[in-house]
Structure formats: structure tokens, C-alpha cells
Amino acid sequence: MIQVVICDDHAVLRRGIRDTLAEATDIRVIGEAAGYTELRDTLRQAACQVLLLDINMPGRNGLEVLASVRESYPEIRVLMVSMYPEDQYALRCLKAGAHGYANKAGDPLELVRAVRTVHQGRKYLTPEVAQMLADSLAQPTPEVPHEALSEREMQTLQKIASGKRLTDIAEELMLSPKTVSVYRARVLEKLQLSNNAELTVYAIRNSLV
């Protein structure tokens, strides 16, 4: 029996993933968490083998949580799940140490297949991601400016481009408005932009929102 924990801040999506996995007789969901704090407590009590981890969560985002899980629980296989397009995040997640990347909007049967694949110690790659990986190895693409952003800076960029105010972003990320302002300034500097309007245009052109 594959013991699975789901970490996603949307209760409806967690329920959807749980119901999908419940159809498989060899998979059992033994815990759920809405964020890093809950996940940390859950992993202390549950013998988790596969963790389904959402990328976009309040506070510590999925890639930051991935780094913490890999450090504290190296035996756990981590499958990143997201609504984001594969071409924006799949390779980034794999390079950060994830064992696979699955789109929550995809075929439910693929999610079951993904859990089984990573549990077996193999990487889960869709044909599209496999091709992207092959292309990146054969012909490394020139680095685009936003690839130099940290995860917090990327979060700040995406939230500003989505029209959120700094105070709202600070509350969502559990940071002070001053800290978010610092992240914003770094983003503008690294991307060589002048204001939020230019930042929003950049994010849209690069499919970051």
C-alpha cells in the first residue's frame, strides 16, 4: 500500500485529489495539510512514502517546502502538483529535486500513474516534459531575466502582476510590507523595469501569470 500525504491550501482541490486516489486499491491517503506548518506536523506522525505538494501556497511556497522536506525526510518521494503550465514550472521543480510534476487539471488516471511511478523510485515525466528536458540538455536555451529571481521574488512578481497590493501580498506570504517592498525593488532591478505596469506586461509576455 502506497502511503500518501497531500499538501494543498485549497480544500476543494485536496478533496478532488483524495477522491481520485481513492479509486486506486494500492494507494491510501494518510494525511492532508493546507500549508507548511500543518505538513510538518503531519509528517512527524505519518509514515509517508509519497508527498503530493502544491507549488502555490501562502507563506512558504511549494519549492521552498520541497527543499525542507528533502532535507528532513530524504526518503519521501515528492510529486509536485499544480495548475501552472508545465513549460513554466516542470523543469524548475525537477531541478529542485522533485521526483515528478503533474498538472491538477489533467487526466485523473495520470495522477494515479504518477504516484505509482515515483513510489517505484522513478521520475514521473509526461511526454511533453520529457521532450522539454531533452531539448534543454541538447540545446541549452539562453537564460531569461526572471530565471535569476529567487522563489520569494518570483512570488512577489506574480502577485503584483495579478493586481494585488503590497499589503495584501505581505499578508498572504506572512511577511511585513517592508520586506515585500524589498522583494519588489529586487525584482524591478533584476528585470531592469521601472514600475508595476512594466512588471505586469513582462509577466504576461512571459506567461508567468
Side-chain angles (χ1 to χ4, degrees), residues 7-14 16-17 33-40 52-70 78 80-98 101-106 128-129 132-133 135-136 139-209:
C7 185
D8 191 314
D9 64 314
H10 294 94
V12 174
L13 293 178
R14 282 203 312 274
I17 293 174
Y36 177 68
T37 302
E38 284 187 27
L39 176 63
R40 186 177 55 193
L52 270 62
L53 179 60
D54 187 23
I55 290 178
N56 189 26
M57 295 186 296
R60 302 184 70 175
N61 76 351
L63 288 172
E64 291 175 313
V65 175
L66 170 63
S68 297
V69 171
R70 281 179 50 78
V78 181
M80 303 300 290
V81 292
S82 178
M83 300 295 286
Y84 289 131
E86 292 177 331
D87 61 347
Q88 288 297 326
Y89 283 93
L91 293 186
R92 193 170 186 175
C93 290
L94 293 170
K95 290 177 180 178
Y101 181 95
N103 194 309
K104 288 188 285 190
E128 293 77 14
V129 173
M132 288 164 50
L133 185 58
D135 291 343
S136 70
Q139 296 179 332
T141 56
E143 183 174 294
V144 292
H146 62 265
E147 288 184 352
L149 300 179
S150 69
E151 292 307 320
R152 275 286 192 243
E153 291 164 354
M154 179 65 79
Q155 281 183 302
T156 301
L157 162 64
Q158 292 171 324
K159 291 182 184 298
I160 291 175
S162 298
K164 295 185 178 179
R165 299 175 301 173
L166 292 187
T167 51
D168 297 329
I169 297 172
E171 183 176 348
E172 287 186 19
L173 299 181
M174 294 186 285
L175 300 171
S176 71
K178 182 177 180 180
T179 299
V180 175
S181 294
V182 171
Y183 284 130
R184 173 184 175 275
R186 290 178 183 171
V187 170
L188 292 175
E189 180 181 359
K190 289 182 178 181
L191 301 185
Q192 298 183 352
L193 302 174
S194 302
N195 51 49
N196 286 2
E198 292 182 3
L199 186 153
T200 301
V201 171
Y202 179 94
I204 293 173
R205 284 179 176 172
N206 287 275
S207 302
L208 299 177
V209 291

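All residue numbers refer to positions in the sequence shown, counting from 1. Any value given below was found using the heavy atoms of this structure, including those in side chains, with hydrogens, waters and symmetry copies removed.
Checking side-chain atoms of Glu198 against main-chain N and O of Ser194 turns up a donor-acceptor pair under 3.5 Å. Between the side chain of Arg14 and the main chain of Cys7, no donor-acceptor pair closer than 3.5 Å is present. Side-chain atoms of Thr156 come within 3.5 Å of backbone N or O of Arg152 as a donor-acceptor pair.
Atom CZ in Arg186 sits 6.0 Å away from atom OH in Tyr183 (nearest 0.5 Å). Here Asn196 contributes atom CG and Ile160 contributes atom CD1; the two are 5.0 Å apart, rounded to the nearest 0.5 Å. We find the CG-CD distance between Asp9 and Glu38 to be 10.0 Å, quoted to the nearest 0.5 Å. Atom CE of Met83 sits about 10.0 Å away from atom CG of Asp8, to the nearest 0.5 Å. Between the CD1 atom in Ile55 and the CE atom in Met154 there is a gap of 11.0 Å [rounded to 0.5 Å]. If you take CG on Asn56 and NZ on Lys159, they are separated by 5.0 Å, rounding to the nearest 0.5 Å.
Minimum interatomic distance between Val81 and Lys104 (heavy atoms only, all atoms of both residues): CB-CG, 3.8 Å. Residues Val187 and Glu153 approach most closely at CG2-O, 3.4 Å, considering heavy atoms. The shortest heavy-atom contact between Tyr101 and Cys93 is CD1-SG, 3.8 Å.
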Task: Audit row: Ser82, Asn103, side chain to side chain contact (heavy atoms under 4.5 Å, CB included) steps and yes/no - done: CA-CA 5 Å; Ser82 178; Asn103 194 309; over 6 Å; no

- [ ] Start with the C-alpha distance between Thr179 and Leu173, add both sets of side-chain angles, then the distance that settles side chain to side chain contact (heavy atoms under 4.5 Å, CB included), and finish with yes or no.
- [x] CA-CA 10 Å; Thr179 299; Leu173 299 181; over 6 Å; no

- [ ] Any chance you could lay out the side chain to side chain contact (heavy atoms under 4.5 Å, CB included) test for Ile17 and Leu52, step after step, and finish with the verdict?
- [x] CA-CA 9 Å; Ile17 293 174; Leu52 270 62; 3.6 Å; yes

- [ ] Begin from the C-alpha positions of Lys164 and Glu172 and carry the test salt bridge (charged side-chain N to carboxylate O under 4.0 Å, His left out) through to its verdict.
- [x] CA-CA 10 Å; Lys164 295 185 178 179; Glu172 287 186 19; 2.7 Å; yes

Open item on the list: Assess the residue pair Val69 and Leu66 against the criterion (side chain to side chain contact (heavy atoms under 4.5 Å, CB included)); give the C-alpha distance rounded to whole Å, side-chain angles, the decisive distance to 0.1 Å, and a yes or no.
Closed with: CA-CA 5 Å; Val69 171; Leu66 170 63; 5.6 Å; no

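For the side chain to side chain contact (heavy atoms under 4.5 Å, CB included) with Leu157, the lone residue among Leu193, Asn206, Leu149, Thr200 that qualifies is Leu149.
Using a 4.5 Å heavy-atom cutoff, the side chains of Val129 and Leu94 are in contact. Between Ile204 and Val201 there is no side-chain heavy-atom pair separated by less than 4.5 Å.
A search for side-chain contact (heavy atoms from CB on, under 4.5 Å) contacts involving Arg40 returns Tyr36, Thr37, Arg44, not counting sequence neighbours.
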